[in-house]
Amino acid sequence: MSSDPLDMAGLEDGIAHFEPKPGGLAARAAAGAAAPYLKGLNPEQRAAVETTDGPLLVLAGAGTGKTRVLTTRLAHLLHTAKAWPGQILAVTFTNKAAREMKDRIGQLIGGVVEGMTWLGTFHSIGVKILRRHAELAGLKSDFSILDTDDQIRLLKQIIAAHGLDEKRWPARQLAGHIDGWKNRGLTPDKVPAGEAAAYGNGKGGEIYAEYQQRLKILNAADFGDLLLESLRMFQENPDVLAEYQRRFKYMLVDEYQDTNVVQYLWLRLLAQQSQNICCVGDDDQSIYGWRGAEVDNILRFEKDFPGAKVIRLEQNYRSTPHILGAASGLIANNEGRLGKTLRTEINDGEKLTLRGHWDGDEEARAIGDDLEGLQRHGKNLNDTAILVRASFQMRAFEDRFITLGLPYRVIGGPRFYERQEIRDAMAYFKVLMSPDNDLAFERIINVPKRGIGDTSVKKMHAHARRNQTSLFRAAQMLAETDEFTPKTRKSLSDLLMSFSRWRQMETGMPHTELAEIILDESGYTQMWQNNKSADAEGRLENLKELVRSMQEFENMAGFLEHVSLVMDTDTQESDDKVNLMTLHSAKGLEFDTVFLPGWEEGLFPHQRSLDENGRAGLEEERRLAYVGITRAKQQAYISFAQNRRIHNQWQTALPSRFIDELPEAHVDTDPMSTSYGGYSIGGFGESGSRFEDLSPFSNTYATPGWQRAKERKQRGEMMRSTPHIIEGELVARDTAETTAFEKGERIFHQKFGYGIITGIDGNKLSIAFEKAGDKRVLDSFVTRA
DNA sequence: CTGGAGGATCTTTTT
DNA sequence: GATCCTCCAG
């Protein structure tokens, strides 16, 4: 999403801003003289830029100048006057990518590009289209966008209304299913019966349908809807579709390997007319299968678009030959790739360094030492990064860096707009702008505490439903009656009056000032000021920051729209700091020195990935490893620990199978690497495997996790990716999940000691403990005495 | 209705 | 270890 506030206001394409002059650059390019922006491109890159018409797939390996090609291509289209800015659709996955593209086009053609209305993320473009035609999707044009949190809260209400046990059927799980369905383009009526039945005793489909209805009533859309609904709108309204097909003369898609089914269908529909679609991607960097991305989309591009050209970018400008060699050797273990061979012209450089450690803390110490060493040698910390598989790994590093006083930054960590205080404040603003936003109103009706508890809110809900109106209006009505206790009634009318007061002030003052007034008068600021906990101060600071960031927007509405789509705040830090992030968020970045810790079976490849998706899961993990290594320009350090604390419990792990897959020629084992467990690492045994002693499972698919996954498959218990099997089995297993215990049995509980079972409800046991008295406990916490 | 205590659950990745 | 949730006393 663009950070240009004008965009938010829904400004029209702004074609007038861009007027190539006859005889100018356009004519020059047409006449064959090489335009300046083409200089320095290699032949493949140049072909990718100049092949403007017809379907084109650019397979861009890591570090091959993908962004450069994309932006140059855009500039080329503009310069040769093939299209106005408003006639080009350019989609990316992240806001960052969109922003970067916009900036770089600006640099290429000099000055800021105006009118690139359709450059943005899938989601932001989806919203833009959906708002224009909201009524065709059963919404009003000012519909609100739910984030995951709202989504789950709403689902909880519906689930409870269906009388399902929240414990057994977590809303989170259903939210995951619904997201998955939406990613695959499945509206409630299209979900395969078996899948819909797998949740909530067969009620999954029903609840999904009801959820969709509720969204319409709330005048809201969730993330998945932004695309699914705009796709459906196109499918059901050929005239509108035709308008957009005509409008988009050229289409550009970044990170094509990450598109899911909806995105794919959406793109294909829009490209049908012009056929001028250029998709750029790298099948080896597809790492978002878990959220619905289909590598298949890239693998079958040529089938989908007959006559498509394919251009491979294989000249790498980033890494040393050792880094490329190691990465290529690793990824060669994957089947089902399109295949690329990366070349580099760099011919020196060090091998990758491999190290083993006793535990995660030692690993963090070693990397901390390395970083200090690099710093002493005048290296910039900004050019270094630690890439972890799972975010819990970050803690060890943060702890270590704090003790060392080594500056670091976490990229992609907990997001600013997801913090509680920010979401609360936003809810106030949302209610101000649209009082019918029930979810927002419910969020703040009793925050800070004003004596309006669950019972009162329930009454309002009931009243709202009876009168087919919103919660806010129901509250207004009930505040006039004797429905509530005097105290409750008083504070409710106070709140409602505050809102009408604020709404009146809205026109008379800057929105930032109003925001401050709201936070003060509502008592929200006070609430945190009174709070004694350690983070209260930080929260107040965040609230200030929130108001500050509103300044960049013309009005409150523009700001709210921005926030629902752009969940990150890009504070451009200039300080010199080590970068700490997950492998996923590292895609697209590069660093001189990269540390890749935690290469252990079970963690990387992640056990869950193997369990749930078997071989496909393993290959995605391997691509993740490939992404990790190829982030490095000069040096990569891979390490593993024998012991790691997970869940506050020590676990022993074997070195990752990926380590064995790295070609020896490109890897050095650190001589300082401590020997451990009685084995010395670093010696190359006769058989060639450096970790033969440690890793008895040199056969790639013989490790414990894989074996488990395979056994499960044979037993037919799999798995999310093979939905047809789910039907009877899972449902049967879950509903039949009564406990193996019987009434009257004597049991033992870790905390409460011995007791007798007095009652059973599903997997919950009522137990009379000898010492601790009567308790209700889950059966998994007790054993037979 | 509020607040505290204690139990349960969880940590893969995100627009 | 942290956070969410439920239950219970005031």
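Given the structure is predicted, the values throughout are model-derived calculations rather than measurements. Chain A is the first sequence line, chain B the second, and so forth, proteins listed ahead of strands; every chain is numbered from 1.
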Trainee: Can you tell me how far C1' of C:dG1 sits from CE of A:M394, to the nearest Å?
Mentor: 17 Å

Trainee: Keeping to residues at least two apart or across chains, list the salt bridge (charged side-chain N to carboxylate O under 4.0 Å, His left out) pairs with something in residues 387-400 of chain A.
Mentor: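 Residue pairs passing salt bridge (charged side-chain N to carboxylate O under 4.0 Å, His left out), neighbours aside: A:R389-A:E621.
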
Trainee: From the set B:dT15, C:dA2, B:dT2, return the single nucleotide nearest to any side-chain atom of A:H123.
Mentor: B:dT15

Trainee: Nearest whole Å is fine: how far is C:dA2 P from A:D399 CG?
Mentor: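 Going from A:D399 (CG) to C:dA2 (P), I get 11 Å.
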
Trainee: Which whole-number value in Å describes the distance from A:Q420 CD to C:dA2 P?
Mentor: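 So the two atoms are 16 Å apart, to the nearest Å.
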
Trainee: Once side chain to side chain donor-acceptor pair (under 3.5 Å) is applied, do any residues pair with A:D179, and if so which ones, sequence neighbours excluded?
Mentor: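 Applying side chain to side chain donor-acceptor pair (under 3.5 Å) to A:D179 gives none.
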
Trainee: Which is more 5' along DNA chain B, the nucleotide nearest A:V457 or the one nearest A:T148? Just name the residue.
Mentor: A:V457

Trainee: What's the separation between atom OG1 in A:T67 and atom CE in A:M101, rounded to the nearest 0.5 Å?
Mentor: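 So the OG1 of A:T67 and the CE of A:M101 are separated by 7.0 Å.
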
Trainee: Which whole-number value in Å describes the distance from A:N95 CG to B:dT14 P?
Mentor: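 One finds 14 Å between P of B:dT14 and CG of A:N95, rounded.
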
Trainee: Below 4.0 angstrom from OP1 or OP2 of B:dT15, is there any side-chain N or O of A:N260?
Mentor: no

Trainee: Between P on B:dT14 and CZ on A:R172, what's the gap in Å once rounded to a whole number?
Mentor: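 Rounded to whole Å, this separation is 14 Å.
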
Trainee: Apply side chain to side chain donor-acceptor pair (under 3.5 Å) to A:S493 and list each qualifying residue two or more places apart in sequence or on a separate chain.
Mentor: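 By the side chain to side chain donor-acceptor pair (under 3.5 Å) rule, A:S493 matches no residue at all.
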
Trainee: Go through the structure and list residues passing side chain to side chain donor-acceptor pair (under 3.5 Å) with A:R268, not counting sequence neighbours.
Mentor: A:Y264

Trainee: Out of C:dG1, B:dT2, B:dT12, which nucleotide sits closest to the side chain of A:K449?
Mentor: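 In terms of side-chain proximity for A:K449, the closest of C:dG1, B:dT2, B:dT12 is B:dT2.
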
Trainee: From C:dG1, B:dT15, B:dT14, pick the nucleotide closest to the side chain of A:R395?
Mentor: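 Nucleotide nearest to A:R395's side chain: C:dG1.
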
Trainee: Need to verify one output field. Residue with the more 5' nearest nucleotide on DNA chain B, A:T582 or A:F392?
Mentor: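 The residue mapped nearer the 5' terminus is A:F392.
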
Trainee: Starting at atom NZ of A:K587, determine the distance to atom C1' of B:dT12, rounded to an integer number of angstrom.
Mentor: 15 Å

Trainee: State which of C:dG1, B:dT12, B:dT2 makes the closest approach to the side chain of A:H606.
Mentor: B:dT12

Trainee: Taking all non-hydrogen atoms of both residues, which atom of A:A327 and which atom of A:I629 are closest, and how far apart?
Mentor: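 For A:A327 and A:I629, the tightest heavy-atom pair comes out as CB-CG2, 3.9 Å.
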
Trainee: Looking at B:dT15, B:dT12, C:dG1, which one has an atom nearest to any side-chain atom of A:T121?
Mentor: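 Looking only at heavy atoms from C-beta outward on A:T121, the closest nucleotide is B:dT15.
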
Trainee: Whole angstroms only, please: what is the CG-P distance between A:D222 and B:dT15?
Mentor: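 Rounded to the whole Å, the gap is 16 Å.
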
Trainee: Taking side chain to side chain donor-acceptor pair (under 3.5 Å) as the test, write out the residues that go with A:T403, two or more places apart.
Mentor: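 So A:T403 forms no side chain to side chain donor-acceptor pair (under 3.5 Å) with any residue.
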
Trainee: Quick one: is A:R389 getting a side-chain N or O under 4.0 Å of the B:dT12 phosphate, OP1 or OP2?
Mentor: no

Trainee: Kindly state whether the pair A:F122 / B:dT15 counts as stacked, where counting means centroids closer than 5.5 Å and planes tilted less than 30° apart.
Mentor: no

Trainee: Starting from P on B:dT15, measure out to CZ on A:R99 and report it in whole angstrom.
Mentor: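 Computing the A:R99:CZ to B:dT15:P distance gives 11 Å.
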
Trainee: Any N/O pairs under 3.5 Å between the protein and nucleotides 4-6 of chain C? List them or say none.
Mentor:
| from | atom 1 | to | atom 2 | distance (Å) |
| --- | --- | --- | --- | --- |
| C:dC5 | OP1 | A:K156 | NZ | 2.6 |

Trainee: Indicate, yes or no, whether a donor-acceptor pair under 3.5 Å links the base of B:dT12 to the side chain of A:W290.
Mentor: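 Side chain to base: no pair below 3.5 Å.
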
Trainee: Just how far is it from atom CG of A:L580 to atom CD1 of A:I386, taken to the nearest 0.5 Å?
Mentor: 5.5 Å

Trainee: If you measure from the ring centre of A:H584 to the centre of the six-membered ring in the base of B:dT12, is it under 5.5 Å, with the planes under 30° apart?
Mentor: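 No, A:H584 does not stack on the base of B:dT12, since the centre distance and plane angle fail the 5.5 Å and 30° test.
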
